[in-house]
**Student:** 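Right, I'll just put the structure down here and ask away after.
Keep in mind it's a predicted model, so treat the numbers as computed, not measured. Side chains are part of it too, since the values below use all heavy atoms of this structure and drop only hydrogens, waters and symmetry mates. Chain letters run A, B, ... following the sequence lines, proteins first, then strands; residues in each count from 1.
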There are 2 protein chains.
Amino acid sequence: MQVVAEKGFDEASLKEIAETAGFTIGAVYSNFASKDDLFTDLLAERSNPKHVEAAAILAHPDASANDVRAALDRLLVDAADQESDLGPLQAEIWLYAIRRPELQQRLADQFRDRRESLIESMAFRTQGNEAVTADLSDLATVLMALYQGFVQLRRADPSLVPPGLYGTAAHWLFNGILSSSGGER
Amino acid sequence: MQVVAEKGFDEASLKEIAETAGFTIGAVYSNFASKDDLFTDLLAERSNPKHVEAAAILAHPDASANDVRAALDRLLVDAADQESDLGPLQAEIWLYAIRRPELQQRLADQFRDRRESLIESMAFRTQGNEAVTADLSDLATVLMALYQGFVQLRRADPSLVPPGLYGTAAHWLFNGILSSSGGER
DNA sequence: GTCTATAAGACGATAGAC
DNA sequence: GTCTATCGTCTTATAGAC
């Protein structure tokens with residue numbers, strides 16, 4: 001995955017992948033049937049733990065609104081800056097999956113699962129607030145899409161995405177839902 | 001660009017690229033020095049007209065809030081569904097550019113230009129509204145990131161992004177900014 | 001400017017020794 | 001289960017005729 005993130009799937013030769021892992025090509029082929037098989041296997045192992053983290057914070061009953069905003073920002077900065085591989089890797093996986101019909105469904109399911117855990121976490125914090133509850137699924141979708149977009153913008157140039165903007169945007173969305181529920185939608 | 005979108009940069013062989021264009025490999029090499037040269041040249045020609053379109057609608061003084069929401073949704077649906085190449089192509093370009101330091105700056109500039117035209121369009125509609133004007137740049141950044149994320153989610157599975165959600169999200173953000181400007185931010 | 005033919009090399013994948 | 005050595009194929013890029 002490290003080599004694929006750096007070079008791209010096709011430019012990542014099995015020789016380099018094997019040697020990065022401390023093996024030779026032969027060793028790889030005794031464990032995997034093909035390069036595609038290797039990639040799809042590693043893909044299955046790789047569940048996305050980041051959004052679960054955020055969901056855990058969102059779900060924490062003592063967390064204040066500011067805690068949530070700070071958690072979202074930390075999530076973004078960690079992903080885009082510290083783990084600088086994450087953006088390219090996700091793009092590679094996305095491209096790989098949408099071009100293979102049998103994987104496209106799995107990718108969609110993955111997105112759906114992440115959204116579901118986000119919804120559950122947020123539901124815990126917004127129960128009793130009907131206005132927000134009704135739009136919870138849409139809000140989760142927006143937060144996920146925004147995260148993806150921010151990671152890519154930030155990778156092109158960190159100064160494009162001011163620090164704290166992810167949390168601020170979430171704040172705007174939340175308030176926007178509240179103030180929209182009264183009038184027309 | 002069509003072949004690159006379908007197969008990916010590496011899997012798009014010069015033979016297929018040439019034949020798709022109705023030429024042979026030799027003809028390509030009499031016009032371009034290398035495959036990278038071909039791609040970067042085509043990359044430069046390809047300016048993104050879509051956001052300009054949206055900006056034009058946003059800038060129209062007679063446009064109602066509903067017109068703007070409808071325009072944003074049309075923008076998304078057109079991009080993700082009709083031009084189904086756009087998502088993969090943008091991902092390919094992004095990956096290609098962030099891996100080449102000399103292109104990364106050009107990519108960042110492109111993002112900055114698009115944001116600038118979005119800001120100008122919106123400024124025309126929000127003049128006099130200080131609360132929104134102050135956050136215009138951030139709002140534009142959020143709308144751009146959201147657009148990118150939506151296109152990718154929708155390509156994995158259209159039902160992940162309900163119709164109208166882009167416009168709704170923009171509506172929430174706008175209202176959120178208005179209601180946030182009074183209290184703490 | 002575009003073609004055909006070809007060069008040089010890298011790649012994924014396999015065979016067989018250990 | 002991992003190694004070395006090798007096979008066939010495909011690729012980018014070039015040379016030279018037209």
Side-chain angles (χ1 to χ4, degrees), chain A residues 1-46 84-107, chain B residues 1-47 84-85 87-107:
Chain A
M1 282 296 168
Q2 178 194 322
V3 180
V4 169
E6 280 171 22
K7 307 279 187 79
F9 177 76
D10 281 278
E11 284 288 330
S13 71
L14 279 171
K15 185 162 177 276
E16 186 173 358
I17 291 172
E19 284 170 1
T20 300
F23 294 96
T24 59
I25 293 182
V28 172
Y29 275 98
S30 79
N31 287 281
F32 302 95
S34 67
K35 186 179 179 181
D36 282 279
D37 187 53
L38 167 65
F39 192 60
T40 46
D41 264 37
L42 262 52
L43 213 108
E45 279 181 32
R46 176 199 152 77
S84 65
D85 279 355
L86 192 129
L89 194 50
Q90 281 198 334
E92 289 288 344
I93 291 172
W94 183 80
L95 282 168
Y96 188 87
I98 62 161
R99 287 177 180 140
R100 288 162 181 81
E102 71 280 10
L103 288 182
Q104 189 169 338
Q105 187 56 48
R106 274 172 55 186
L107 182 72
Chain B
M1 281 296 170
Q2 178 194 321
V3 180
V4 169
E6 279 172 22
K7 306 280 186 81
F9 177 76
D10 281 278
E11 284 287 329
S13 71
L14 279 172
K15 184 160 178 275
E16 186 172 357
I17 291 172
E19 284 171 0
T20 300
F23 294 94
T24 57
I25 294 183
V28 173
Y29 276 98
S30 80
N31 288 281
F32 302 95
S34 66
K35 186 178 180 182
D36 282 279
D37 188 52
L38 167 65
F39 191 60
T40 48
D41 263 36
L42 261 53
L43 212 107
E45 277 181 35
R46 174 199 153 77
S47 63
S84 67
D85 278 356
L89 194 50
Q90 281 198 335
E92 289 288 344
I93 291 172
W94 183 80
L95 281 169
Y96 189 86
I98 61 160
R99 287 176 180 143
R100 289 161 181 83
E102 73 279 10
L103 288 182
Q104 189 170 338
Q105 186 56 47
R106 273 173 54 186
L107 181 72

**Student:** Looking only at non-hydrogen atoms, find the nearest pair between Val3(B) and Ala12(B) and report the distance.
**Tutor:** CG1-CB, 3.6 Å

**Student:** The test is side chain to side chain contact (heavy atoms under 4.5 Å, CB included); show your working for Asp36(B) and Tyr96(B) and say whether it passes.
**Tutor:** CA-CA 10 Å; Asp36(B) 282 279; Tyr96(B) 189 86; 2.3 Å; yes

**Student:** Please tabulate, one pair per line, each protein N/O and nucleotide N/O from nucleotides 11-14 of chain D that are separated by under 3.5 Å, including the distance.
**Tutor:**
from, atom 1, to, atom 2, distance (Å)
dT12(D), OP1, Lys35(B), NZ, 2.9
dT12(D), OP2, Leu14(B), N, 3.1
dA13(D), OP2, Tyr29(B), OH, 2.5
dA13(D), OP2, Lys35(B), N, 2.9
dA13(D), O5', Tyr29(B), OH, 3.2

**Student:** Is it true that Arg99(B) and Glu92(A) make a salt bridge, defined as a side-chain N closer than 4.0 Å to a carboxylate O?
**Tutor:**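 Counted as a salt bridge, because a side-chain N and a carboxylate O are separated by less than 4.0 Å.
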
**Student:** Has Arg106(B) got a side-chain atom pairing as donor or acceptor with Glu102(B)'s backbone, closer than 3.5 angstrom?
**Tutor:**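 Side chain of Arg106(B) to backbone of Glu102(B): no pair is present.
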
**Student:** Scan Leu42(B), Leu43(B), Asp41(B) and name whichever one has a side chain to side chain contact (heavy atoms under 4.5 Å, CB included) with Phe39(B).
**Tutor:** Leu43(B)

**Student:** Do the side chains of Glu16(A) and Lys35(A) get close enough for a salt bridge, i.e. N-O under 4.0 angstrom?
**Tutor:**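 Result for this pair is no, no salt bridge flagged.
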
**Student:** Using every non-hydrogen atom in the two residues, find where Ala5(A) and Pro88(A) come nearest and quote the distance to one decimal.
**Tutor:** O-CB, 3.7 Å

**Student:** Along DNA chain C, 5' to 3', what are the outermost nucleotides having an atom less than 4.0 Å from a heavy atom of chain B?
**Tutor:** dG1(C) to dT4(C)

